[in-house]
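Below you will find the structure I want to go over with you.
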Number of protein chains: 2
Amino acid sequence: MQNYRIFIHIIYIMKNKTERLHAIKELITQQSIGNQDELLLLLKEKGYHLTQATLSRDLKQLKITKMPNDMGEYRYTLPHSMYSNNKPSETKIIGHNSLEFSGQLAVIKTRSGYAGGIAAEIDEHASDAILGTIAGDDTILIIPREGFNREEITAILSTVIENL
Amino acid sequence: MQNYRIFIHIIYIMKNKTERLHAIKELITQQSIGNQDELLLLLKEKGYHLTQATLSRDLKQLKITKMPNDMGEYRYTLPHSMYSNNKPSETKIIGHNSLEFSGQLAVIKTRSGYAGGIAAEIDEHASDAILGTIAGDDTILIIPREGFNREEITAILSTVIENL
DNA sequence: GAATAAAATGTATAATTTTGCAAAATTATA
DNA sequence: TATAATTTTGCAAAATTATACATTTTATTC
């Protein structure tokens with residue numbers, strides 16, 4: 001009887017829809033999934049219990065679609081795959097400066113007057129990943145090159161800034 | 001008998017697959033299409049005779065997918081429609097300056113100190129295609145207007161810069 | 001806490017899309 | 001040309017996905 005109650009509880013925790021949507025996104029990006037039954041199975045393994053109908057509605061809400069890849073197979077993919085690898089942005093502190101992303105762009109906030117100097121350093125030491133920077137007084141706009149994701153950009157900028 | 005030969009000729013002209021793929025793309029962008037039968041009908045009106053099976057294969061080749069729009073309806077759309085016309089970005093050299101794209105934005109690197117001047121020229125002579133510019137010391141951020149693709153922006157900027 | 005409204009889900013089924021296979025059309029080659 | 005190789009297509013059926021409707025769950029209001 002006790003076990004039964006615990007079981008119910010676990011189901012309850014897992015059943016949260018938002019969480020499930022997250023799990024779906026994650027599976028879509030990590031695995032190569034060709035149809036909803038396949039995805040359904042993976043979700044079952046992760047403890048989500050739902051039917052194909054619900055999954056169809058979830059995918060609709062997430063705007064996830066079945067797209068042909070270059071090998072002529074249909075695969076589910078997130079919309080605008082260009083930035084799909086990117087986690088939602090969090091502010092990262094590097095020394096006296098903060099770094100945060102928005103869409104394809106990154107912004108660094110510095111102490112007043114420092115933006116120009118730091119931007120120059122970035123231009124000089126990170127030009128393979130950074131297409132260009134524009135500095136105000138305490139703000140630097142960073143335009144990354146295409147093909148670099150947030151993680152990579154963060155790593156490069158951290159190194160540059162820490163070596164000042 | 002003569003009529004018969006003409007008829008054959010017309011069919012031949014229309015049946016070209018490449019042309020049909022073009023027509024499909026065009027219809028997809030211009031109209032709001034929710035399923036293949038609908039699209040099939042429009043194609044028939046334009047003189048293309050094919051079955052739904054062939055259409056399915058055409059859409060696969062074009063990587064056109066059925067996507068939910070914001071009103072919760074499924075509509076066929078071109079892949080990443082915003083940038084779909086755009087080739088991957090390469091650096092282009094124009095005089096002493098370089099031009100490269102990242103996502104919706106373009107960046108021009110100039111000789112040190114020239115960014116402001118060149119940006120002013122761009123603002124003055126390319127305002128139909130360029131929404132705005134922001135210049136640092138040697139970097140100009142270009143924000144193109146919507147509806148212009150990279151090729152067009154490149155052409156316009158080249159002209160402006162070469163005429164300095 | 002009961003009543004009511006709103007949201008989420010399952011079931012069953014309809015709607016839609018994809019595909020194996022064979023035939024037709026097109027292109028390349030001897 | 002004729003023939004072989006390749007590509008495209010239609011047909012029919014299988015596979016997949018979306019949805020109407022009923023039910024359950026969750027949130028809200030009194």
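We name chains A, B, ... by the order of the sequence lines, and we start the count at 1 in each one.
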Open item on the list: Can you tell me if B:Y76 touches the phosphate of C:dT17, counting only side-chain N or O atoms and a distance under 4.0 Å to OP1 or OP2?
Closed with: yes
Task: A:L141: hydrophobic cluster co-members (side-chain, 4.5 Å) - done: A:L105, A:V107, A:L131, A:I134, A:I143, B:L105, B:V107, B:L131, B:I134, B:L141, B:I143
- [ ] Rounded off to whole Å, could you give me the NE2-to-P distance for the B:H49 and D:dT8 pair?
- [x] 18 Å
TODO: Measure the distance from CG on B:D37 to C1' on C:dT18 and round it to the nearest whole Å.
DONE: 14 Å
Open item on the list: Heavy atoms from C-beta onward define the side chain here; which of C:dT17, C:dT9, D:dG10 lies closest to that of B:N35?
Closed with: C:dT17
Open item on the list: Suppose the criterion is salt bridge (Lys or Arg N to Asp or Glu O under 4.0 Å): which pairs have a residue in residues 54-65 of chain A, not counting sequence neighbours?
Closed with: A:R20-A:D58, A:K63-B:D70
TODO: Using the test side chain to side chain contact (heavy atoms under 4.5 Å, CB included), find all partners of B:S32 that sit at least two apart in sequence or belong to another chain.
DONE: B:R75
Open item on the list: Please determine whether a side-chain nitrogen or oxygen atom of A:Q52 lies at a distance below 4.0 Å from atom OP1 or OP2 of C:dG10.
Closed with: no
- [ ] Applying side chain to side chain contact (heavy atoms under 4.5 Å, CB included), name anything that partners B:L41, two or more places apart in sequence or on another chain.
- [x] none
Task: Under 3.5 Å donor-acceptor, A:S158 side chain and A:T154 backbone - done: yes
Task: With A:Y76 via side chain to side chain contact (heavy atoms under 4.5 Å, CB included) - residues at least two apart - done: A:I28, A:I33, A:Q36, A:L59, A:I64, A:K66
- [ ] For B:R20 and D:dT7, give me the distance from atom CZ to atom P, rounded to whole Å.
- [x] 16 Å
Task: Contact list for DNA chain D against residues 53-62 of chain A - heavy-atom distance below 4.0 Å - done: A:A53, A:S56, A:R57, A:K60
TODO: Could you check how far CD of A:E38 sits from C1' of D:dA15, rounded to whole Å?
DONE: 13 Å
Open item on the list: Side-chain N or O of B:K66 versus OP1/OP2 of C:dT17: is the shortest distance under 4.0 Å?
Closed with: yes
Open item on the list: Between P on C:dT17 and CG on B:L50, what's the gap in Å once rounded to a whole number?
Closed with: 14 Å
Open item on the list: From CD1 of B:I33 over to P of C:dT16, roughly how many Å is that when rounded to an integer?
Closed with: 14 Å
Open item on the list: Rounding to an integer number of Å, can you tell me how far B:K17 NZ sits from D:dG10 P?
Closed with: 11 Å
Task: Heavy-atom neighbours of B:Y114 OH exceed 12 at 6.0 Å - done: no
Open item on the list: Run the side chain to side chain contact (heavy atoms under 4.5 Å, CB included) test against B:S98 and tell me which residues pass, sequence neighbours left out.
Closed with: B:T91, B:I93, B:K109
- [ ] Please state how far atom CG in A:N69 lies from atom P in C:dT18, giving the value in whole angstrom units.
- [x] 13 Å
Task: Helical stems, DNA chain C - three or more consecutive Watson-Crick or G-U wobble pairs below 3.5 Å - done: C:1-30 with D:1-30
Open item on the list: Side chain of A:Q36 only, heavy atoms from C-beta on: which candidate in D:dT17, D:dT9, C:dT17 is closest?
Closed with: D:dT17
Open item on the list: Suppose we screen for side-chain hydrogen bond (donor to acceptor under 3.5 Å, both in side chains). Which residues come up paired with A:N35, at least two apart in sequence or across chains?
Closed with: none
